[in-house]
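Note that these values count all heavy atoms, side chains included, but never hydrogens, waters or copies made by symmetry.
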Amino acid sequence: DVQLQASGGGLVQAGGSLGPSCAASGITFDDYTICWFRQAPGKGREGVSCISNSDGNTHYVESVKGRFTISSDNAKNTVYLQMNSLKPEDTADYYCGGFKSIKGNRWYEPLYYRGMDYWGKGTLVTVSS
């Protein structure tokens, strides 16, 4: 069975940092793109960032550029999201999804349009003001 499990959320003050991780099993990790999503209370799902494990390409939505960094350890089948300069509006349930990597300049578009092949459960991030 395919599993994507996020962990490492928590409570942090505004301006602080957190670094949740997403551990994958049941897939050929190098063939997949892993993305982070978040859903704030009372709001819809929002894509955050993706990393292609086949070539290391990364993509970020505008609201987190310069503050968040996505990385991958292919030996551990784990993707990380380093979140710095956190704001109260970053408060959300953070979870990961994965899809078979696609080639081309628009390799990250499933973050916005198509959805994932697999979804994982989330980890809660709360940023206090």
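D90 is not listed as a side-chain neighbour of V125, based on a closest heavy-atom distance of 4.5 Å or more. The shortest distance between side-chain heavy atoms of L111 and V61 falls below 4.5 Å. Contact check for R38 versus V64: side-chain heavy atoms found under the 4.5 Å cut-off. At a threshold of 4.5 Å between non-hydrogen side-chain atoms, the residues F68 and L86 count as touching.
Only one option out of L81, I70, T69 pairs with I51 in a side-chain contact (heavy atoms from CB on, under 4.5 Å); it is I70.
In terms of modelled atom types and a separation under 3.5 Å, the side chain of N74 and the main chain of N53 share a donor-acceptor contact. Formation of a donor-acceptor pair under 3.5 Å by the R67 side chain with backbone atoms of S63 is found in this model. Not a single donor-acceptor pair under 3.5 Å links the side chain of N77 to the backbone N or O of S25.
Sulfur atoms SG of C35 and C96 are positioned 2.5 Å or more apart.
Residues Y80 and W36 are members of separate hydrophobic clusters, defined by side-chain heavy-atom contacts under 4.5 angstrom among Ile, Leu, Val, Met, Phe, Trp and Tyr.
Scanning for salt bridge (charged side-chain N to carboxylate O under 4.0 Å, His left out) contacts around D93 gives an empty result, with sequence neighbours left out. Residues that satisfy the side-chain contact (heavy atoms from CB on, under 4.5 Å) test with K121, not counting sequence neighbours, are Q5. Legend: residues meeting salt bridge (charged side-chain N to carboxylate O under 4.0 Å, His left out) with D117, ordered by chain and number and at least two apart, are R114. In this view, K65 and Y60, E62 satisfy the side-chain contact (heavy atoms from CB on, under 4.5 Å) rule, not counting sequence neighbours. In this structure Y108 satisfies the ring-ring contact (aromatic ring centres under 6.0 Å, His included) test together with H59, sequence neighbours excluded.
Between the side chains of T126 and T91, no donor-acceptor pair is found at a separation under 3.5 Å.
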Please evaluate residues K87 and V127 with respect to the criterion side-chain contact (heavy atoms from CB on, under 4.5 Å), reporting the C-alpha separation (whole Å), side-chain torsions for both, the decisive distance (0.1 Å), and the verdict. CA-CA 6 Å; K87 305 174 183 179; V127 184; 5.5 Å; no
Derivation and outcome, side-chain contact (heavy atoms from CB on, under 4.5 Å), residues I34 and Y118: CA-CA 9 Å; I34 303 296; Y118 302 104; over 6 Å; no
Could you go through the side-chain hydrogen bond (donor to acceptor under 3.5 Å, both in side chains) check for D30 and T28 one step at a time? CA-CA 6 Å; D30 292 3; T28 302; over 6 Å; no
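Residue E46 holds its CD atom at 7.5 Å from OH of Y94, rounded to the nearest 0.5 Å.
Pairing each heavy atom of Y32 with each of G98, the nearest pair is CD2-C, 4.2 Å.
Atom CD of E109 is surrounded by more than 12 heavy atoms from other residues, nucleotides or ligands within 6.0 Å.
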Could you tabulate the donor-acceptor pairs under 3.5 Å formed by side-chain atoms of residues 10-21, not counting sequence neighbours?
| unit_1 | atom_1 | unit_2 | atom_2 | d |
| --- | --- | --- | --- | --- |
| S17 | OG | N84 | OD1 | 2.9 |
| S21 | OG | S7 | OG | 3.4 |

